[in-house]
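First comes the structure, then the notes that go with it.
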2 protein chains.
Amino acid sequence: MKPLTQKTLTISIQDYLKHIYELTENGENASTNALARKLRISAPSVTGMVQKMASAKPALVEYQKHQGVTLTKEGRRAALEVIRHHRLLEAWLVQTLGYSWDEVHEEAERLEHVISEDFERRIAAAMGHPLRDPHGELIPTADLKMPIEDSTPLSALRPTQTGTIQCVKAADTGLLRYLESLGLVPGAQIEVKEYSPFDHNLTVKVGRKTTVLGMNITSKIYIEES
Amino acid sequence: MKPLTQKTLTISIQDYLKHIYELTENGENASTNALARKLRISAPSVTGMVQKMASAKPALVEYQKHQGVTLTKEGRRAALEVIRHHRLLEAWLVQTLGYSWDEVHEEAERLEHVISEDFERRIAAAMGHPLRDPHGELIPTADLKMPIEDSTPLSALRPTQTGTIQCVKAADTGLLRYLESLGLVPGAQIEVKEYSPFDHNLTVKVGRKTTVLGMNITSKIYIEES
DNA sequence: AATAAAATTTAGTTATGCCTAAATTATTCT
DNA sequence: AGAATAATTTAGGCATAACTAAATTTTATT
Ligand SMILES: [Mn+2]
Ligand SMILES: [Mn+2]
Ligand SMILES: [Mn+2]
Ligand SMILES: [Mn+2]
């Protein structure tokens with residue numbers, strides 16, 4: 001009874017799609033090696049898999065030797081499906097089971113591949129169809145469109161600019177805990193106080209705290225300017 | 001960082017363990033063919049898998065050619081782990097997402113293999129450590145002991161005996177919906193009115209309804225006599 | 001343009017977990 | 001007991017998805 005258009009994809013393929021989406025969405029090239037690093041799989045294994053995904057019945061990716069892959073319409077839809085599951089699950093785990101934002105990623109990573117569309121609809125409805133996950137990342141809509149993100153990386157701001165943290169693009173537990181301890185969470189008001197050239201450090205005021213942040217961090221925090 | 005005692009078992013092996021537990025718990029012999037039928041896997045495949053499970057590092061089953069398998073202490077623990085996940089999940093899906101008792105089984109069947117111990121603890125705590133799932137089946141305790149079920153199959157009762165439905169051992173959606181429509185759900189008070197020998201039908205009064213039930217059904221409904 | 005370095009692909013293996021067909025063993029019937 | 005039947009196991013394959021080592025192609029450097 002499963003629709004022919006949405007033949008069930010293996011967990012591996014779902015993971016490939018998700019990571020290809022993330023790479024290409026950031027403007028990066030989804031090359032074999034980039035994917036291999038991201039998926040923590042050897043490059044030859046990735047080559048084999050992308051070849052398979054390219055020659056699947058409805059192709060999931062377009063693939064040119066030595067050029068990396070791009071998602072087809074089918075592949076993009078499937079990727080957004082997985083990402084929607086992941087982000088809804090993260091929101092659900094925080095809202096109903098008291099997970100903290102640094103604990104949800106790993107759990108969602110496993111659940112995203114096995115929940116039914118019914119489960120997806122139920123948690124979305126129970127939460128009132130949230131727009132963002134606990135890290136502030138946009139949740140693809142039920143019809144699998146990715147809303148447009150209008151925030152800018154903190155790393156692009158300069159002294160006297162102010163704004164609200166919209167989203168933190170990170171999954172690492174340690175980093176997330178550190179950011180939380182500094183008050184760097186979605187919704188927080190910030191003001192850029194200083195900029196050091198060469199090392200690109202930013203001195204940022206959050207609440208009554210002032211902290212110096214390196215590019216490693218400022219590139220992952222997205223701000224809606226005010 | 002995963003404890004050596006609880007090396008992660010594959011989803012297939014978890015399913016084998018669960019089905020072996022269910023067969024042996026009901027006093028049935030967990031023969032190759034019985035398992036093959038229950039798991040909907042060919043008999044040769046089952047032979048291969050039980051051989052593997054028997055020669056695993058801490059053996060999960062004891063296996064004698066042509067004699068079927070029994071669980072080792074390790075295997076039993078692992079089976080109860082999966083069953084605890086399944087039943088807690090069913091309860092959770094009903095209590096927090098409004099699933100009906102006939103919808104939960106399939107979803108729990110997939111989730112049971114991927115939730116973390118942390119997730120398990122959180123849903124158990126959130127529900128106040130429930131003793132039974134939505135079908136009334138006992139949930140193994142956190143330290144993986146199966147509580148003792150003292151109810152008896154409805155099929156063993158005779159006219160004038162009364163009791164409360166404790167549990168319905170069924171997963172089939174159609175059957176569960178039918179039983180619900182008759183009020184045959186855990187907690188319902190029933191009275192046996194008539195017994196037809198040879199076909200073993202029972203005429204049962206539930207609330208103000210009276211129904212005739214065949215062995216197929218009465219053997220799956222468990223009663224606490226009163 | 002030639003060479004060195006990096007990225008990518010091909011070739012050949014491995015582990016899981018399933019399958020069918022054929023052989024074997026156990027059980028039941030005459 | 002001997003034959004028929006049923007249950008079980010062995011043998012040989014296949015699909016998926018990983019791996020390493022070696023070959024190839026592309027890109028960067030001199
Ligand atoms: Mn995440
Ligand atoms: Mn979905
Ligand atoms: Mn169930
Ligand atoms: Mn558990």
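Letters go in sequence order (proteins before strands), and every chain restarts at 1. Hydrogens, waters and symmetry mates are skipped; everything else that's a heavy atom, side chains included, is used.
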- Query: Are B/Arg76 and B/Leu80 close enough, and set up right, to give a side chain to side chain contact (heavy atoms under 4.5 Å, CB included), and what steps lead you there?
  - Reply: CA-CA 6 Å; B/Arg76 193 183 153 84; B/Leu80 288 172; 4.3 Å; yes
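Comparing B/Tyr63 and A/Tyr16, the nucleotide of DNA chain D nearest to each residue sits closer to the 5' end for B/Tyr63. Nearer to the 5' terminus of DNA chain D, by closest-nucleotide assignment, is the contact made by B/Gln64 (compared with the other of B/Gln64 and A/Ser12).
None of B/Glu137, B/Glu120, B/Glu112 except one satisfies the salt bridge (Lys or Arg N to Asp or Glu O under 4.0 Å) rule with B/Arg84; the exception is B/Glu120.
For DNA chain C, the residues of residues 30-55 of chain B within the heavy-atom distance limit of 4.0 Å (strictly under) are B/Ile41, B/Ser42, B/Pro44, B/Ser45, B/Met49, B/Lys52, sorted by number.
Side-chain contact annotation: A/Asp15 with A/His113, donor-acceptor N/O pair under 3.5 Å present. Side chains of A/Asp102 and A/Ser100: a donor-acceptor N/O pair is present below 3.5 angstrom, by distance only.
In summary, contact between chain A and DNA chain D, defined as any nucleotide atom under 4.0 Å from a heavy atom of the protein, begins and ends at D/dT16 to D/dT26 in the 5' to 3' direction.
For the pair A/Gln67 CD and C/dA6 P, the computed distance is 20 Å after rounding to whole Å. Spacing between atom CG of B/Asn29 and atom P of C/dT27 amounts to 11 Å, rounded to whole angstrom units.
A salt bridge does not link A/Glu22 to A/Lys169: none of the charged nitrogens lies less than 4.0 Å from a carboxylate oxygen.
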Taking distance alone, no hydrogens or angles, what donor-acceptor pairs closer than 3.5 Å link side-chain atoms of residues 142-151 of chain A to residues at least two apart or in another chain?
{"residue": "A/Asp143", "atom": "OD1", "partner": "A/Thr141", "partner atom": "OG1", "Å": "2.5"}
{"residue": "A/Glu149", "atom": "OE1", "partner": "A/Arg132", "partner atom": "NH1", "Å": "3.0"}
{"residue": "A/Glu149", "atom": "OE2", "partner": "A/Arg132", "partner atom": "NH2", "Å": "3.4"}
{"residue": "A/Glu149", "atom": "OE2", "partner": "A/Ser151", "partner atom": "N", "Å": "3.3"}
{"residue": "A/Glu149", "atom": "OE2", "partner": "A/Ser151", "partner atom": "OG", "Å": "2.9"}

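Atom CG of B/Asn216 has 12 or fewer neighbouring heavy atoms from other residues, nucleotides or ligands inside a 6.0 Å radius. In this structure, B/Tyr195 places its OH atom where more than 12 heavy-atom neighbours from other residues, nucleotides or ligands lie under 6.0 Å away.
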